[in-house]
Amino acid sequence: MLFDKQKMNTLKILLGIKSEDTSEDDILSVYLGIAGRKVLNRLYPFKPDETLIPEKYSFRVVEIAQYLYLRQGSEGETGHSENGISRSYEDAGIPDSMLNDIIPMVGAL
């Protein structure tokens with residue numbers, strides 16, 4: 001699954017990474033791939049080979065990739081409290097709330 005330069009640039013802007021800085025491109029590409037696959041799995045639950053993400057879900061892919069990038073090092077954390085700061089996550093993966101607005105496409109047999 002290939003991602004266009006616009007998604008990569010948008011993700012870099014959200015993360016505060018300069019567009020000419022390519023040091024994080026490999027990991028950002030991986031996270032964009034994971035996010036794209038999650039969107040496709042929700043959108044086409046019975047078509048595992050589908051690779052086309054509709055434009056209306058493009059930014060959702062970037063948002064999920066940003067979420068994954070920012071959780072590096074605390075991926076499985078379900079609770080944490082330190083110096084008055086508390087963290088907990090909806091679940092160990094991508095929160096359902098990030099996928100709720102994706103309407104699955106299914107057909108009749």
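None of these values were measured; they are calculated from a predicted model. The figures that follow rest on heavy atoms only: side chains count, while hydrogens, waters and symmetry mates do not.
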Compare every heavy atom of [Y] with every heavy atom of [X], then report the nearest pair and how far apart it is.
X	Y	result
R37	P48	NH1-O, 3.4 Å
L68	Y31	CB-CD2, 3.5 Å
F59	T10	CE1-CG2, 3.8 Å
A65	A35	N-CB, 3.7 Å
D21	S23	OD1-OG, 2.7 Å

Could you check if a side-chain atom of [X] sits within less than 4.5 angstrom of a side-chain atom of [Y], using non-hydrogen atoms only?
X	Y	answer
K18	K12	no
I53	L43	no
R60	D101	yes
L14	E63	no
N41	L99	no

K38 NZ: over 12 foreign heavy atoms closer than 6.0 Å: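 At most 12 heavy atoms, drawn from other residues, nucleotides or ligands, come within 6.0 Å of this atom.
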Is there a donor in the side chain of E24 and an acceptor in the side chain of Y69, or the other way round, less than 3.5 Å apart? yes
